[in-house]
Amino acid sequence: EIIVVGSINMDLVVYVDRHPAPGETLLGSDYWTFPGGKGANQAVAAARAGGLVRMIGCLGRDAFGDQLLEGLAQEQIDTRWVKRVDGPTGVAFIAVNTEGQNSIIVSPGSNYRLLPEDLKPEAFLNTRVVLLQLEIPLATVREATRLGKEAGATVILNAAPAQTLSADVLRNVDLLIVNEFEAGTLLKRKPPRGIEEALDAALQLRGWVSSVVVTLGEKGCVWVDELEHGYLPAFEVKAIDTTAAGDAFVGMLASQLARGTALSMALRWANAAGALATMKKGAQSSLPTQEEVKHFLDV
Ligand code: ADP
């Protein structure tokens, strides 16, 4: 099984002609609600990739909370360990202008009320992979890495959104997945540009964890583990919306690693899932199924 400990949000999207200036009122389109949050997105990605997924997160006792819980259950995700609190569920207010540029305000709400003491060791039994991101309190991330390690799981951290981390958060992490920007932030320098620099960054990050993957958007990804390193080019596709490509990539990688696939082979699947996600609009709506990826890879 795969355990995802992370964020669950409702994204509220409104389309506008342009973004408002401070103090200004604008009219927008009808608003849309989309399930989101990196944790939930990656849980859905891993479940569609064929993994047995358990989600640990925190929702408010409100209508969005009910809706999000129901949505996860519909994806065959085990939601038994999702906590509910009095107070608002996490939401992201997203305005999209006619050029497709977003401006986003995240209100973490209940996500920040998932505390270290909410993580029960029994929830971590029988797990091959524990998957984490950085949209819940850092202390909770750290505790989840410890419990994951204790349970003998492979602990994967997708260090997104970008922030610097201290060594104690990374100590129990086996595999770190970052994009170029996040890699730069962790190393406290400019984001690597191009394959050579990304590989160099990955090798430097290897000082903290045993394996590192740096995703490079349309260029693909580079990876480093104890024995080898390599570059895997992206699949050439007609990308129309790259939202959640990273989540599709990470979810598929976790799912493949959980079934014992070697990293270099699992990355091929992840690259395919990321590429497929760019061919459809939206976040969770664009996450491919195992069947779609198989068909794409012709296996
Ligand atoms: P993030 O969204 O987290 O910044 P990336 O943009 O690096 O992540 O994308 C993650 C993965 O998705 C890439 O490593 C690649 O496999 C795939 N991907 C992203 N953009 C494209 C694209 N334009 N064409 C093909 N694959 C893509």
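In this chain, numbering begins with 1 at the start of the sequence shown. Being a predicted model, the structure only gives us computed values, none of them experimental. First listed ligand is number 1; within each ligand, the first listed atom is number 1.
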Using side-chain heavy atoms (C-beta onward) and a distance below 4.5 Å, is I156 in contact with L253?
no
Assess the side chains of D168 and S166: does a donor N or O sit below 3.5 Å from an acceptor N or O?
yes
Do we see a donor-acceptor contact under 3.5 Å between the side chains of T154 and D174?
no
Which atoms form the tightest heavy-atom contact between V129 and L257, and what is the distance?
CG2-C, 4.3 Å
Close-range residues for ligand 1, whose non-hydrogen atoms fall below the 4.0 Å threshold
N179, T215, L216, G217, E218, G220, A234, F235, V237, A239, A245, G246, F249, N271, G274, A275, T278
Just wondering, do L147 and V5 contact through their side chains at under 4.5 Å, heavy atoms?
no
Can we say E75 and R48 salt-bridge, meaning some charged N sits less than 4.0 Å from an Asp/Glu carboxylate O?
yes
